[in-house]
Each structure stands twice: as structure tokens, then as C-alpha cells.
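Residue numbers count from 1 along this sequence.
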Amino acid sequence: MDIESYGNGVELLVSIPQCETCENYIKGDLLHCRCYDWELKLRVTEDETEPEDQIPQCETCENYITGDLSHCKCYDWELRLSETEDKIETEDKKIVKNRNVVTAYFLDSRMWMWHYAIVAVLIGCVAYWFYCQPRFHDLTVELGTETISVESFMTEFADARNAGIVTDLSTVDISVTGSIPLTLRSGRKDEMVTLTIEDTTPPEAEFISWMQKPPDYTPDPYDFVVSYYDLSDVKVYFAENVAVSPDYEDQSFTVVVEDASGNAVSQVCTLSIVWMKSEYTMELGESLSKEDLLYDSDRDGYRIDQSDIDVINESGVGEYMVASLVDENVCKVRVADTTPPELSVTDISVFKGKKVTVDDFVETCSDISGDVEVSLVTEPDVDTPGVQTMTIKATDINGNTATATATLAVVRDKKPPVIKGLTTLSVAKHSVPDYLAGVSAIDVADGACEVTYDAGRVDLTVAGTYFVTYTSKDKDGNIATSKRTVVVGHDQEDTDALAASIAAGLSSDPEAIRDYVRNTIRYSHNSGGDDPVWYGFTNKSGDCLVHALCLQSLLSKKGYETRLIWVTNRSHYWLIIHLNGVWRHIDATPGNWHTRYSLMTDEQRYSILQGRDWDRSAWPACE
């Protein structure tokens with residue numbers, strides 16, 4: 001019986017009411033109800049006539065429990081309990097008025113045993129029912145789910161603290177669709193569940209709704225899809241049969257992108273067949289033809305004008321339009337210059353301090369556009385010896401550039417200048433020669449260098465051969481020294497003095513003097529220049545004229561009268577000498593023909609001249 005029924009006056013024999021506040025039984029010493037205990041204390045307090053201002057409180061609900069102001073339910077229940085006890089005493093005189101109803105309840109052993117049995121059965125049923133409830137349920141996830149957790153399978157009966165997945169998930173592939181059996185555990189209980197992976201998401205795809213293709217194009221559905229994405233394999237196909245129209249007509253068809261699970265997206269796309277390209281780019285210098293612009297020049301060549309193509313071939317960089325003669329199609333032809341110049345360079349070596357330019361490195365440079373500007377990207381350092389890598393750039397008028405590298409070797413100048421023009425210098429006696437005329441010094445690093453000379457040993461008053469020393473120095477201190485032969489020319493006085501000195505050492509015999517000349521001066525084809533006598537005596541060589549004049553100079557010093565004579569073609573010279581009142585031929589020229597006779601008559605002389613003769617009227621006869 002509940003407390004509300006008890007409060008409404010329901011008669012009670014074996015059931016014991018409960019306190020509304022503390023929920024304990026409220027009758028007898030065994031109640032253990034503080035509210036009821038306070039009711040007893042209240043009675044004692046009233047009997048002892050406590051002061052009116054001391055109002056006790058209920059230990060349980062802490063409200064005052066005296067009068068209308070107490071508002072204590074515990075006290076109200078005590079009043080009702082008293083009324084109930086009076087009714088019980090009247091109804092059953094066998095029951096003692098102050099007997100504890102709880103004691104009576106426990107004295108009924110049969111009621112006690114049934115209650116406990118019923119409770120035990122109920123508890124067992126509840127426990128069994130709870131044990132039979134599933135801890136986990138099957139799970140369906142979308143393809144692409146990255147992780148699977150045990151919480152996703154749990155029901156409200158699962159023990160989250162002791163739940164886990166028994167199956168090794170490393171052996172489970174969740175990247176494909178299908179059903180996968182899993183073993184899960186909650187506490188000590190294992191259960192089998194099914195993990196279903198399904199794909200209900202269609203692929204993501206980006207289509208090309210309109211496309212132009214040439215007449216020979218074979219339709220391919222993949223050409224109409226820019227990109228697609230799906231977690232499973234994807235196929236692209238046409239929803240209907242597609243064929244290219246031979247009449248250049250536009251065609252529309254459906255392109256489908258479908259994954260392995262049958263999810264699909266589609267779009268209607270249009271294919272336009274064109275006979276001429278919309279754009280064409282050619283390189284400057286190439287030749288444009290109809291074949292470059294038309295997909296089928298044999299079939300559609302009549303549709304464009306050849307003169308438009310000729311104009312483009314004769315033009316430079318730019319954009320040009322080739323219009324159709326039969327419809328509104330237009331092809332934009334772009335002539336571009338993307339070809340860099342052709343540049344060839346070479347390595348060079350220079351001396352320290354020498355200026356270099358880009359032209360020193362460039363061997364060849366050319367470009368189809370014409371002029372090319374060539375420059376040095378790397379600034380050369382010619383003041384520091386060593387090897388440098390130089391970058392040379394060539395730029396054409398359209399901005400295309402080509403670069404090449406070459407090495408610049410800067411070396412120290414260790415070579416002296418080279419003195420040139422030091423040929424033998426012939427000067428006259430008492431002259432003032434210009435020793436630097438025609439003389440120069442060239443250095444490989446510095447170019448022309450200053451030349452100095454020392455002519456201190458040259459005696460211009462005395463004929464002879466002398467040496468002048470020349471010196472040149474470059475900027476690096478390298479010195480070059482060379483000698484030059486200087487011949488101081490003689491005069492007639494010198495020639496006479498030379499002949500006199502030779503004649504002084506000879507006898508007066510003309511034949512002995514002739515033999516000296518013949519044996520001393522060897523034969524050559526040199527006539528001795530301006531002074532054959534000087535030449536013959538100083539160079540010890542000469543032709544027949546030199547021999548004849550040298551012999552004449554010596555015979556003159558000895559006092560003999562002589563004359564120079566020659567054949568009519570002047571191919572041979574000799575002397576005639578006046579001895580003892582007669583004239584005789586005498587010849588100092590070496591050779592067997594000229595030594596056959598010593599002092600000869602005209603007849604003897606003519607006999608050895610090999611048919612040559614002289615003007616006999618011009619010289620005295622030798623008879």
C-alpha cells in the first residue's frame with residue numbers, strides 16, 4: 001500500500017505506511033523514522049510545558065512542527081497515524097493498541113517467503129532479459145569512409161568501457177564495396193555483425209559541352225570529359241551511337257560517366273566538324289600553304305584564296321586573317337619569331353691591361369629577322385691575370401636571345417717588343433743619317449713601342465762597316481735589343497788610297513800585278529756598282545769589269561798607261577797597256593780562255609774571244 005492511500009484513510013492490517021519525506025515505515029519502535037520520533041518528542045515537550053517561544057523543528061524536513069505555522073508533513077502524518085490506530089483497535093480487539101505492525105508483518109512467515117521468491121524471479125528475469133539483448137548491430141557505411149570504430153556498432157546495452165573489435169582491421173579492405181563479417185566484444189560476450197560498404201555517390205565530372213574537331217575525327221567519349229573523380233573504377237561512354245556527319249553538321253549526344261556501382265552523371269554535348277583551323281601559328285621564315293590551314297586541302301582547297309597565303313609569306317611577325325570564300329569561317333594566322341639567333345663564340349687570350357670587346361669573342365652571329373645585337377653579359381676584368389668565363393648574349397629585333405660562354409685568359413706580358421726595319425744602312429761619308437727611318441718596335445701586348453739607338457761607334461768620316469744598337473721597352477718592362485749594320489760609303493779619295501796601299505806592296509811587273517788581281521778577286525756577276533774598284537778590293541769578287549778596273553788602278557799607281565776596252569756587245573772588258581812603245585792586250589779575268597796568252601796582240605786577243613770583236617777603230621792597234 002502506498003502512502004497516499006494510507007493518508008486517505010484506507011484500513012491497514014499487515015501493511016505499514018511510509019513517511020513521505022524519509023520513506024521509512026512510521027509505526028512502532030522499529031520505524032526508524034525521525035519524523036515519528038519528533039512526534040513523540042513533541043508530546044513530551046507539551047507535557048513538560050516548555051516555553052511558548054521555543055518551537056521545535058523536524059530533523060528531517062527542518063520545518064516547525066507546532067500549530068498551523070509548522071507546515072511539517074511529518075507532523076501531519078503523525079496525526080493521521082493516531083486516527084488509524086484508533087480504528088485498528090476498534091476493528092480487532094485481539095491486537096494490542098501499541099503493538100508494532102512491522103513485527104506483525106514479519107511474524108507472517110509465509111507472506112515473507114512468497115515476497116522474496118517473487119522478487120528473486122523478477123530479478124532473474126530482468127538479468128536474463130538484459131543478457132539476451134544484443135550489444136552491437138550491423139553497420140552500413142558509404143564507400144570512402146576512412147575509419148571504423150566500435151562505437152558505431154554499439155547498442156544501448158553495450159559496455160562502452162569494455163567494448164572492442166576482435167577482428168584484425170588490417171585484414172579488412174574498406175576501400176571496396178561489399179559485406180564484411182566482423183567479431184565484436186562487450187565485456188566477456190562476443191557477437192558477429194556485418195559491415196556493409198556501399199557506393200551510392202555518383203562520380204564527380206566536368207564536361208566539355210561543345211567541341212570542334214576535324215573531319216577525320218573519330219568520336220571518343222573521353223574527349224568530352226575534362227576530369228572525373230570517384231572512389232571506384234569509372235567508365236565513360238556515349239548513351240547512343242555516334243557517327244561523324246560528312247556534311248560538316250553539328251551533332252548532339254549524351255556522354256555518361258558511370259562508376260563501378262552503377263552511379264552515373266551525364267550531359268548532352270555537341271560536336272562541331274570544321275574544315276579549316278581557327279588558329280595557326282607559324283615561325284618566321286617558314287612557308288605557309290593551304291595544307292597548313294585546311295584539314296583536307298584536296299577537298300576544301302577552293303574555299304580559301306591563295307593570294308591571302310602569299311601575302312602572309314611575304315610579311316613579317318604579326319597576326320593575319322584568312323577568310324573563307326564560301327562561309328563565315330576565318331583562320332587567324334600568327335607569324336611568330338621564337339627562334340633565337342645563331343651565335344658562335346671562341347676563347348681568347350689577352351695580355352694584362354689590354355681592352356677587349358664582344359667582337360673579340362664572336363665568330364659568327366645570324367638571325368632570320370635581320371640585325372642582331374651582341375653584348376657582353378659578364379664584365380671582363382683585364383687587370384687581373386687568370387681565366388674568366390664570359391657570357392655573350394645575342395638579341396634579335398623580336399627579343400629572342402641566345403647566350404654562349406667563352407673563356408678569357410688574362411696573362412702577363414713576358415715577351416719583349418720586336419724591332420723591325422733593321423736592314424743594312426748605307427750612308428755617305430760626312431753625311432747625317434736618319435737611324436730611325438723605317439725602324440719600328442711592335443709588342444704583342446702594347447702594340448707600337450718607342451725605339452732608341454746608340455750610334456756612338458759609327459765614324460762617318462771613315463768609310464767602313466759599323467754597328468748601331470737599337471733598344472725598345474714595353475709597358476711591362478720587357479726590353480728588346482738588336483744591332484744594325486751601317487756601311488759608311490767611301491769616296492774616290494778612299495778608293496785611290498786603297499789602290500795605292502795595295503800597289504805599294506806589289507812589284508812593277510804588269511804581269512805580276514795582273515796575276516795578283518786575277519788570284520785575289522774571284523769571279524762573280526756583280527759589276528761593283530758605282531765604284532767597281534772599291535767593290536773589287538773590299539769584297540774580293542766581281543765580274544770582268546771589276547777585274548779590269550782594279551788592274552787599271554794598280555797599273556796607274558805604277559806609272560803605266562792603260563785603256564779600258566770591251567767587245568761591241570759589252571759582254572767582256574779588259575785593258576790595253578802601252579809597253580816599250582807598243583800596245584798590248586792584258587786581261588785579269590780568271591778562266592782558261594783569258595789565261596792562254598799573257599800580253600796579247602790583236603790577233604791573239606781575237607782568237608780567244610769566241611767570235612766576238614771590238615771596235616778596232618776606237619782603240620790603238622796591238623801589232
Side-chain angles (χ1 to χ4, degrees), residues 128-213 217-245 249-273:
Y128 181 75
W129 175 83
F130 181 80
Y131 179 79
C132 293
Q133 296 305 307
R135 271 57 171 174
F136 306 98
H137 58 75
D138 295 339
L139 179 65
T140 300
V141 297
E142 184 70 17
L143 180 66
T145 302
E146 296 182 356
T147 58
I148 303 297
S149 64
V150 68
E151 288 80 4
S152 302
F153 296 89
M154 291 171 53
T155 66
E156 65 271 19
F157 303 103
D159 183 0
R161 296 172 297 175
N162 297 313
I165 301 177
V166 179
T167 305
D168 184 3
L169 292 181
S170 64
T171 63
V172 177
D173 186 5
I174 61 174
S175 64
V176 295
T177 58
S179 296
I180 304 171
L182 298 178
T183 301
L184 306 182
R185 178 174 296 167
S186 176
R188 296 182 179 182
K189 184 180 180 181
D190 290 353
E191 292 185 9
M192 291 288 293
V193 297
T194 301
L195 172 63
T196 303
I197 301 173
E198 62 181 8
D199 182 9
T200 61
T201 304
E204 297 177 3
E206 181 181 354
F207 295 89
I208 300 176
S209 60
W210 182 79
M211 179 183 296
Q212 284 187 331
K213 288 295 182 179
Y217 172 69
T218 299
D220 186 345
Y222 286 90
D223 293 340
F224 293 86
V225 180
V226 177
S227 62
Y228 56 81
Y229 172 77
D230 194 81
L231 293 175
S232 63
D233 294 336
V234 174
K235 63 179 179 180
V236 182
Y237 58 90
F238 291 122
E240 61 276 336
N241 293 329
V242 176
V244 176
S245 171
E249 295 179 353
D250 291 352
Q251 294 175 271
S252 296
F253 40 81
T254 303
V255 180
V256 181
V257 179
E258 182 179 304
D259 63 16
S261 299
N263 304 302
V265 292
S266 62
Q267 181 169 320
V268 176
C269 302
T270 301
L271 173 63
S272 178
I273 301 301

Completion exercise
Tightest non-hydrogen contact, residues Glu191 and Gln133, listed as OE2-O, 4.3 Å
Problem - Closest non-hydrogen atom pair, Ser232 against Ala260 - result: OG-N, 3.3 Å
Problem - Worked verdict on Leu182 versus Ile180 for side-chain contact (heavy atoms from CB on, under 4.5 Å) - result: CA-CA 6 Å; Leu182 298 178; Ile180 304 171; 4.1 Å; yes
Handout entry: Thr155 (side chain) donor-acceptor with Pro134 (main chain) under 3.5 angstrom
Key = yes
Practice task
Tell me yes or no: between the side chains of Ser272 and Asp250, is some donor less than 3.5 Å from an acceptor?
Solution key: yes
Practice task
Taking the side chain as every heavy atom from C-beta outward, state whether Trp210 and Cys269 have any pair of such atoms under 4.5 Å apart.
Solution key: no
Exercise for the section: Flag the pair Val268 / Val255 as yes when at least one side-chain heavy-atom distance between them is below 4.5 Å, and no otherwise. Expected result: no
Exercise for the section: Would you mind reporting whether Phe238 and Val256 have side-chain heavy atoms less than 4.5 Å apart? Expected result: no
Exercise for the section: Nearest 0.5 Å please: distance from the OH atom of Tyr217 over to the CD atom of Gln212. Expected result: 13.0 Å
Problem - Heavy-atom donor-acceptor pair, Asp138 side chain to Thr194 backbone, under 3.5 Å - result: yes
Practice task
For the pair Phe153 and His137, name the ring-plane relationship: parallel under 30°, tilted 30 to 60°, perpendicular over 60°.
Solution key: tilted
Handout entry: Residues Ile273, Glu249; criterion side-chain contact (heavy atoms from CB on, under 4.5 Å); working and verdict
Key = CA-CA 7 Å; Ile273 301 301; Glu249 295 179 353; over 6 Å; no
Completion exercise
Partner of Asp230 under side chain to side chain contact (heavy atoms under 4.5 Å, CB included), picked from Asn263, Val257, Asp259, Val265, is Asp259
Exercise for the section: Would you check if Val176 and Ile197 make a side-chain contact, meaning some heavy-atom pair closer than 4.5 Å? Expected result: no
Handout entry: Phe224/Phe207 aromatic ring centres below 6.0 Å
Key = no
Practice task
Examine distances only and state if a side-chain atom of Glu142 and a backbone atom of Thr200 form a donor-acceptor pair shorter than 3.5 Å.
Solution key: yes
Practice task
For atom CD of Glu240, decide whether the heavy atoms of other residues, nucleotides or ligands shown that lie under 6.0 angstrom number more than 12.
Solution key: yes
Practice task
Can you measure from CZ (Phe253) to CD (Gln267) and round to the nearest 0.5 angstrom?
Solution key: 11.5 Å
Fill in the blank from the handout: All heavy atoms of Met192 vs all of Thr183, minimum pair found to be SD-OG1, 3.0 Å
Fill in the blank from the handout: So CG of Leu271 and CE of Met211: to nearest 0.5 Å the spacing works out to 8.0 Å
Practice task
Check whether any side-chain heavy atom of Glu198 lies under 4.5 Å from a side-chain heavy atom of Thr177, and answer yes or no.
Solution key: no
Exercise for the section: For Asp168, look at atom CG and say whether over 12 heavy atoms of other residues, nucleotides or ligands are found less than 6.0 Å away. Expected result: yes
Handout entry: Contact check, side chains of Val172 and Ile174, non-hydrogen atoms, under 4.5 Å
Key = yes
Exercise for the section: Would you indicate whether the side-chain heavy atoms of Val141 and Ile148 approach each other to under 4.5 Å? Expected result: yes
Exercise for the section: Give a yes or no on this: more than 12 heavy atoms of other residues, nucleotides or ligands lie within 6.0 Å of atom CG of Asp173. Expected result: yes
Exercise for the section: Indicate yes or no: at least one non-hydrogen side-chain atom of Leu231 is less than 4.5 angstrom from one of Tyr229. Expected result: yes
Exercise for the section: List the steps, then state whether side-chain hydrogen bond (donor to acceptor under 3.5 Å, both in side chains) holds for Ser252 with Thr270. Expected result: CA-CA 4 Å; Ser252 296; Thr270 301; 3.2 Å; yes
Exercise for the section: Decide whether Tyr237 and Glu258 meet the rule of one side-chain donor and one side-chain acceptor closer than 3.5 Å. Expected result: yes
